[in-house]
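Okay, structure first, notes after.
The analysis underlying the following values was restricted to heavy atoms, covering all of them including side chains, and did not include hydrogens, waters or symmetry mates.
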Amino acid sequence: MDIDRAVQSRIVKTLVAGQVLAGLGLGATVAVGAILAADLGGEALSGAAATSSTLGAAMVSIPLARLAQRWGRRPALALGAGVAAGGSLITVLAIGVAFFPLLILGFAMLGVGTAVGLQARFAATDVAAPEHRGRDLSLVVWSTTIGAVAGPNLIGPGEAVAQWLSLPTNTGSFVFAIAAQLAAMVLYLVALRPDPLVLAGNKPVEPAAAADAGIVRGRGPLIFAIAAIAISHAVMVSIMAMTPVHLVQQGASLTIVGFTISLHIAGMYSLSPVFGWASDRYGRIPTILLGQVFFAAAVLVVALGQLSNSAVTVGLVLLGLGWSASTVAGSALVADLSTGAMRLRIQGRSDTIMSLAGAVGGGFAGPILLVVGYAGLAWGAGVLVLVVAAAALMVWRIKPARPPEPLDATSGVQPAGRT
């Protein structure tokens with residue numbers, strides 16, 4: 001059946017509103033996460049905030065996808081938002097009792113909110129027309145800008161809230177995060193109707209004979225798409241996670257830190273509709289390559305201008321743009337290359353691998369910062385950028401060798417008789 005455009009528009013608007021709220025929670029906490037971890041665990045563990053958050057996202061990506069497959073997007077997204085709200089509450093408690101392991105648990109639960117955002121972008125493609133998948137996906141990604149840019153700038157007001165509520169220093173932002181995530185949970189439960197995944201289950205896919213099991217169009221390009229998303233995320237997380245620590249070491253105030261992270265997040269999300277349009281118009285892989293160009297520029301600016309707060313800020317904006325182009329185009333490519341039940345399974349695996357890569361990047365970022373400094377960390381990330389760019393050029397030149405192959409939706413194994 002044809003999905004009415006008004007229905008898809010309503011679905012996208014609800015997802016956009018949810019992402020605005022989720023972005024507010026993300027932005028309110030990301031700027032102070034590394035600083036809180038460094039205060040409790042020391043500078044070497046300053047990357048633990050980003051690591052535990054991305055690990056939390058990795059751990060729940062597949063379970064959330066399976067929950068969505070069984071019950072629909074609505075309960076999966078709402079549950080994830082509720083868990084993220086609990087993570088903010090536990091983080092405040094951890095700072096109050098000065099217990100580092102509890103802080104790690106809190107950030108892991110906050111990472112569930114990231115997994116919700118990742119699933120929400122795919123939810124926008126459930127019933128989208130193929131020619132508009134990149135656009136609809138990018139609109140949901142873009143909407144995070146509003147809350148995420150405002151969030152880091154709530155550090156100052158957050159401190160006033162913390163004093164009013166007699167909370168520990170630097171925890172006021174988490175009060176805003178709790179309210180935003182709870183509001184997102186209610187929004188998904190009430191307004192995400194009809195459920196896009198339930199609608200998609202009633203919509204035939206091509207080819208119709210393989211609709212139930214799903215198909216994968218090209219294993220090589222699919223592996224590349226997932227790897228490009230994951231490595232790009234690792235590059236972004238590794239540099240971004242250590243920037244607040246680096247700036248504080250140079251004497252920057254928390255206000256400057258919050259402003260820098262705000263601009264970085266603006267780079268991550270504000271131009272995502274442009275990159276979505278570009279990926280629809282010019283192709284997924286050219287847009288991924290554009291992302292790597294932004295990453296390369298970010299590495300150069302950060303490494304060569306590490307002693308200048310202004311240069312670091314510019315580099316962080318370029319870093320966000322690189323992540324946006326790579327993630328939007330890579331995610332659209334994943335959606336292009338799979339259908340039916342296989343699409344949901346592959347999306348869950350892609351989000352898990354992406355989050356694990358971010359966890360590795362954030363985990364190693366702290367020790368690397370201690371050993372080779374901020375510039376050395378940036379140069380190391382630059383090597384990963386070259387790897388993705390080289391792989392993209394190789395895949396771009398490869399033509400599909402054969403038609404799509406039906407896969408078993410449960411095992412992901414090609415049916416007997418296929419070679």
Side-chain angles (χ1 to χ4, degrees), residues 5 8-9 12 15-16 118 120-145 205-206 215-233 235-236 266-300 317-339 343 346-347 350 354 382 384-401 403-404:
R5 290 184 180 181
Q8 171 66 357
S9 176
V12 171
L15 293 170
V16 163
L118 295 175
R121 82 191 194 283
F122 280 132
T125 70
D126 285 340
V127 292
E131 65 271 19
H132 296 312
R133 283 196 190 114
R135 182 200 64 186
D136 289 354
L137 183 150
S138 65
L139 283 173
V140 175
V141 174
W142 169 83
S143 61
T144 311
T145 308
V205 296
E206 296 294 339
I215 61 172
V216 170
R217 301 182 176 98
R219 296 174 184 272
L222 180 61
I223 291 172
F224 162 74
I226 294 173
I229 294 170
I231 296 174
S232 296
H233 192 57
V235 169
M236 187 278 293
M268 289 176 64
Y269 299 113
S270 61
L271 293 185
S272 54
V274 175
F275 297 131
W277 170 83
S279 71
D280 286 339
R281 176 66 176 83
Y282 299 108
R284 314 304 191 198
I285 293 180
T287 308
I288 292 174
L289 280 169
L290 176 62
Q292 305 313 301
V293 171
F294 280 120
F295 273 145
V299 167
L300 288 173
V317 172
L318 292 170
L319 188 73
L321 292 172
W323 180 89
S324 182
S326 302
T327 302
V328 167
S331 300
L333 184 55
V334 168
D336 290 341
L337 294 172
S338 55
T339 69
R343 175 178 288 168
I346 289 172
Q347 288 170 353
S350 175
M354 174 184 181
L384 298 178
V385 173
L386 294 177
V387 170
V388 174
L393 290 173
M394 292 177 61
V395 173
W396 197 8
R397 296 180 179 181
I398 296 175
K399 302 296 182 184

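S324 and F275 get closest at one heavy-atom pair: OG-CD1, 3.3 Å. The heavy-atom pair separating S272 from V328 by the smallest distance is CB-CG2, 3.9 Å. Minimum interatomic distance between A124 and V140 (heavy atoms only, all atoms of both residues): CB-CG2, 3.6 Å. Closest approach of I288 and A329 over heavy atoms only: CG1-CB, 3.7 Å. Residues S326 and G291 approach most closely at OG-CA, 3.6 Å, considering heavy atoms. Closest approach of M236 and M268 over heavy atoms only: CE-CE, 3.8 Å.
A donor-acceptor pair under 3.5 Å is absent between the side-chain atoms of R284 and the main chain of G330, judged by distance alone.
Atom CG of residue L271 and atom CZ of residue F294 lie 7.5 Å apart, to the nearest 0.5 angstrom. Expressed to the nearest 0.5 Å, how far OG of S270 lies from CG of L321 amounts to 6.5 Å. Here the straight-line distance linking atom CD1 of I231 with atom CG of L386 works out to 11.5 Å at 0.5 Å rounding. Here the CG-CG distance, from L333 to L222, works out to 7.5 Å after rounding to the nearest 0.5 Å. Here the CG atom belonging to L15 is positioned 10.0 Å from the CG atom belonging to D136, to the nearest 0.5 angstrom. Rounding to the nearest 0.5 Å places CZ of F224 at 9.5 Å from CD1 of I229.
Listed by first and then second residue, the side chain to side chain donor-acceptor pair (under 3.5 Å) pairs that reach into residues 222-231 come to none, sequence neighbours excluded.
Remark: S331 pairs with R121 by the side-chain hydrogen bond (donor to acceptor under 3.5 Å, both in side chains) rule, at least two apart or across chains. Residues passing the side-chain contact (heavy atoms from CB on, under 4.5 Å) test with A389, sequence neighbours excluded: L289, Q292.
Two residues are said to be in side-chain contact when any heavy atoms from C-beta on lie closer than 4.5 Å; I226 and I346 meet this criterion. Looking at L319 and W323, their side chains never come closer than 4.5 Å, going by heavy atoms from C-beta outward.
The aromatic ring centres of W277 and Y282 sit less than 6.0 Å apart.
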